[in-house]
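Whatever order the structure lists them in is the order used to number ligands and atoms, beginning at 1.
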Amino acid sequence: MSVPIAVLVSGRGSNLRALMEAEDKGQLGCSIRCVISSNSEAAALNHANVAGIETCVCAKPDPDAQLLEILEQQEIALVCMAGYMRILSPAITTPYAGRILNIHPSLLPRYPGLHTHRRVLEAGDAEHGCTVHFATAELDGGPRIIQATVPVLSDDDEDTLAARVLEQEHQIYPQAVQWFCQGELRLDGDTVWLHDQQLEGPIAHAVA
Ligand code: GAR
């Protein structure tokens, strides 16, 4: 059975495309029912339109009320935040607890929020990466599922580092969505279960 999912976006949409490509190859077990943007100019909306996926822009005055209505109407089973630059309120995170995933370009809990690559370089960290986690109403907060770690190289700038991390984002997000859609991944309270095992911390993705 194909799990109906919604993807929330605000910008470029490369993670949306990674999910669309994996779905096209039959790897996810889901069907992307709609792409919802906080921003009418998001390039991600074009990717969805080209693929014939329904799109919607949720704007003020009450974007979460609009979002909730769409999720309920479309009977969405999983919400994937893919560069969605708005914090969801409890109006969404409470009814959809355990059914919202987010991807973030850092090794959470380090560097929630913006400009993660710059902050990693400024701190002189040796490693950086990305995380997929169950989302809560806290900015980039919630139980972690999978992380990929990449080295920070001595000649890195923000762009080179961001590109190395993004490549891994496109690996770990489809992986997490596949686990969820296959019924292998679930959240119980604050505990993440994967393949019937309780996770003590995020799975470390093997970076090729
Ligand atoms: C990605 O790097 C994603 O991890 C990040 O926004 C970018 C969106 O790129 N998300 C966050 O920072 C969430 N706090 P994309 O539109 O090309 O997928």
For [X], take its heavy atoms, then give the atoms of ligand 1 lying under 4.0 Å from any of them.
X      : result
Gly83  : 6 (O), 8 (C), 10 (N)
Ser14  : 15 (P), 16 (O), 17 (O), 18 (O)
Arg12  : 9 (O), 15 (P), 16 (O), 17 (O)
Met85  : 6 (O), 10 (N), 11 (C), 12 (O)
Asp140 : 13 (C), 14 (N)
Gly13  : 15 (P), 16 (O), 17 (O)
Glu169 : 1 (C), 2 (O), 3 (C), 4 (O)

Please examine the side chains of [Y] and [X], heavy atoms only from C-beta on, and report whether any two atoms are closer than 4.5 Å.
X      : Y      : value
Pro143 : Leu187 : yes
Glu54  : Val35  : no
Arg144 : Val192 : no

Provide, to 0.1 Å, the distance between atom 10 (N) of ligand 1 and the closest protein heavy atom, together with that atom's residue and name.
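Ranking protein heavy atoms by distance from atom 10 (N) of ligand 1, first comes Ile103 O, 3.4 Å.
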
Return the residue, atom name and 0.1 Å-rounded distance of the protein heavy atom closest to atom 5 (C) of ligand 1.
Pro105 CD, 3.6 Å

Can the ring centroids of His128 and His117 be said to lie less than 6.0 angstrom from one another?
yes

Are Thr160 and Asp157 close enough that a side-chain donor and a side-chain acceptor fall under 3.5 Å?
yes

Please tell me whether His195 and Glu184 have a donor and an acceptor in their side chains that are separated by less than 3.5 angstrom.
yes

Start with the C-alpha distance between His205 and Gln168, add both sets of side-chain angles, then the distance that settles side chain to side chain contact (heavy atoms under 4.5 Å, CB included), and finish with yes or no.
CA-CA 9 Å; His205 176 67; Gln168 296 307 314; 3.4 Å; yes

Any Lys/Arg nitrogen of Arg119 or Asp125 sitting under 4.0 Å from an Asp/Glu carboxylate oxygen of the other?
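Salt bridge absent between Arg119 and Asp125.
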
Under 3.5 Å, N or O to N or O, is Tyr84 touching ligand 1 that way?
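Looking only at distances, the answer is no, because the N/O contact criterion of under 3.5 Å is not met.
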
Would Asn15 count as a polar contact of ligand 1, with the cut-off being nitrogen or oxygen pairs under 3.5 Å?
yes

Ala44 heavy atom under 4.0 Å from ligand 1
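No, Ala44 has no heavy atom closer than 4.0 Å to ligand 1.
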
